[in-house]
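Computed from a predicted model, the values in this text were never measured in an experiment. Whatever order the structure lists ligands and atoms in, that order sets their numbers, starting from 1.
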Amino acid sequence: MGLFRLVTGLPGPSGFGSASTAEQVTAGIDASNLTVIITGGASGIGTETARVFALRGANVIIAARNLEAADGAKQLIQRTAPASRVDILELDLSSLKSVRAFADKFLSMDLPLNILINNAGVMFCPYQLSRDGIEMQFATNHLGHFLLTNLLLEKMRSTAKKTGIEGRIINLSSIAHKHTYKGGIWFDRLNDKDVYSDKKAYGQSKLANILHANELSRRLQVLSFMHNYTKNHTKKK
Ligand SMILES: NC(=O)c1ccc[n+]([C@@H]2O[C@H](COP(=O)([O-])OP(=O)(O)OC[C@H]3O[C@@H](n4cnc5c(N)ncnc54)[C@H](OP(=O)(O)O)[C@@H]3O)[C@@H](O)[C@H]2O)c1
């Protein structure tokens with residue numbers, strides 16, 4: 001979406017734009033056969049996303065580090081969608097150990113997984129290192145989600161295979177991805193306090209979200225092509 005459409009809310013080719021609500025976009029959709037994980041579902045855009053998925057019948061998993069806030073979000077969701085199934089699982093994306101523990105816990109629940117929404121994020125925070133010693137915005141917004149996606153990918157593949165429903169991974173980025181350090185991501189200066197800019201560090205983390213989504217999409221399409229090719233080729237023999 002270009003800046004003009006973003007600001008004016010004018011609808012794009014899909015008929016929807018930045019002024020459209022989640023309820024409008026999903027009107028008439030039955031999501032009762034879907035399981036969705038939403039990171040940062042305890043507040044902001046994440047809660048609204050969780051609420052509307054629940055309203056359409058999906059089984060929603062709120063992945064949050066603040067369990068009290070997540071419980072508040074669950075209560076709010078269940079006021080508009082009383083019959084919905086909403087689970088809360090603890091996840092701190094700034095800790096790779098916590099991401100692994102989350103994935104282990106989710107996989108042990110033996111639920112399907114159709115949609116992963118990598119939504120949680122920190123914005124413009126003062127210089128800080130994560131528990132793993134990585135600049136906080138990059139660690140939370142990109143690295144945590146990158147690892148989480150990798151740990152859940154096989155589950156998403158097996159769900160798609162069993163159900164015949166194509167999965168979806170959504171990375172929430174921002175127009176701020178255009179405002180990075182000069183030239184893009186400064187991989188070799190991620191933790192350099194002397195050059196740290198809260199806005200540019202946010203921008204580079206959001207650029208990483210887009211690069212991750214693009215590359216993942218490319219790889220999954222190659223795998224899907226190879227799978228179909230092998231299937232068709234084997235059939236003909
Ligand atoms: N709002 C905008 O205008 C805007 C514009 C462009 C892009 N975005 C993107 O949209 C996404 C959601 O933004 P929002 O406005 O809804 O933000 P928000 O209201 O600040 O919510 C962010 C959520 O992420 C969670 N979070 C932060 N650090 C976390 C961590 N280490 N582990 C787990 N959860 C963590 C927060 O939980 P806590 O309560 O525990 O902090 C909160 O629930 C972000 O990725 C943001 O970059 C937003």
Side-chain angles (χ1 to χ4, degrees), residues 1-3 5-9 17-22 25 36-54 60-77 86-106 115-149 151-152 169-180 185 197-213:
M1 180 184 296
L3 194 56
R5 280 194 195 284
L6 182 70
V7 174
T8 58
S18 63
S20 306
T21 66
V25 173
V36 187
I37 292 179
I38 302 161
T39 70
S43 57
I45 296 170
T47 299
E48 180 61 1
T49 307
R51 186 187 73 78
V52 176
F53 263 113
V60 169
I61 291 119
I62 294 179
R65 64 176 168 176
N66 181 340
L67 298 182
E68 215 175 297
D71 198 53
K74 178 175 174 173
Q75 286 177 30
L76 180 144
I77 291 165
V86 180
D87 296 304
I88 296 170
L89 287 185
E90 189 169 10
L91 170 67
D92 179 352
L93 284 154
S94 70
S95 155
L96 298 178
K97 188 174 166 199
S98 170
V99 174
R100 288 186 190 281
F102 171 89
D104 285 348
K105 175 78 185 159
F106 174 74
I115 302 178
L116 170 63
I117 304 188
N118 290 324
N119 159 79
V122 279
M123 194 186 294
F124 305 159
C125 52
Y127 181 85
Q128 199 184 337
L129 293 181
S130 71
R131 265 185 238 172
D132 304 297
I134 296 157
E135 187 280 311
M136 189 57 92
Q137 299 194 75
F138 198 79
T140 307
N141 300 353
H142 171 58
L143 283 183
H145 281 128
F146 179 83
L147 177 62
L148 180 68
T149 304
L151 294 173
L152 297 178
I169 299 167
I170 293 99
N171 284 358
L172 273 270
S173 183
S174 164
I175 194 122
H177 78 274
K178 289 175 184 270
H179 305 286
T180 62
I185 301 174
S197 147
D198 55 356
K199 310 221 172 19
K200 289 174 182 171
Y202 177 70
Q204 79 173 356
S205 76
K206 291 284 125 184
L207 176 59
N209 287 152
I210 292 180
L211 296 177
H212 175 213

Shortest non-hydrogen contact between [X] and [Y], atoms and distance:
X    : Y    : result
S205 : N141 : OG-ND2, 3.0 Å
Y202 : V122 : CD1-O, 3.4 Å
A50  : I77  : CB-CD1, 3.7 Å
L6   : S18  : O-OG, 2.8 Å
R100 : L147 : NH2-CD1, 3.9 Å
A42  : I62  : N-CG2, 3.8 Å

### Task
Determine whether the side chains of H145 and N209 contain a donor N or O and an acceptor N or O closer than 3.5 Å.
no
For [atom], the protein heavy atom that lies nearest, with its residue and separation:
atom                    : value
atom 17 (O) of ligand 1 : G121 O, 4.9 Å
atom 36 (C) of ligand 1 : S43 OG, 4.3 Å
atom 44 (C) of ligand 1 : N119 O, 3.1 Å
atom 7 (C) of ligand 1  : S173 O, 3.0 Å
atom 31 (N) of ligand 1 : D92 OD1, 2.9 Å
atom 47 (O) of ligand 1 : Y202 OH, 2.6 Å
atom 41 (O) of ligand 1 : R65 NH2, 2.9 Å
atom 25 (C) of ligand 1 : A120 CB, 3.8 Å

### Query
Would a search of protein heavy atoms around atom 3 (O) of ligand 1 find one under 4.0 Å away?
no
#### Entry: Nearest protein heavy atom under 4.0 Å from atom 20 (O) of ligand 1, yes or no
no
### Query
When you look at I38 and V60, which way does the side-chain contact (heavy atoms from CB on, under 4.5 Å) test go after all the steps?
CA-CA 7 Å; I38 302 161; V60 169; 4.2 Å; yes
### Query
For ligand 1, does I45 get within less than 4.0 Å through its side chain, its backbone, both, or neither, judged by non-hydrogen atoms?
both
### Task
Please work out whether any backbone atom (N, CA, C, O) or any side-chain heavy atom from C-beta onward of L91 is under 4.0 Å from ligand 1, and answer side chain, backbone, both or neither.
backbone
Which of the atoms in ligand 1, numbered in the order shown and given with their element, are less than 4.0 Å from a heavy-atom of [X]?
X    : value
N66  : 40 (O)
T140 : 28 (N), 29 (C), 30 (C), 31 (N)
G44  : 16 (O), 19 (O)

#### Entry: Polar atom proximity, L93 to ligand 1 (N or O, under 3.5 Å)
yes
### Query
Do any nitrogen or oxygen atoms of V122 lie less than 3.5 angstrom from nitrogen or oxygen atoms of ligand 1?
no
### Query
Between L67 and I88, does a side-chain contact (heavy atoms from CB on, under 4.5 Å) hold up when you go through it step by step?
CA-CA 8 Å; L67 298 182; I88 296 170; 3.8 Å; yes
### Query
Distance-only, no hydrogens or angles: does the N66 side chain make a donor-acceptor pair with backbone N or O of E68 under 3.5 Å?
yes
### Query
So is A63 close enough to ligand 1, meaning a heavy atom under 4.0 angstrom away?
no
#### Entry: Charged N-O contact under 4.0 Å between D92 and R131
yes
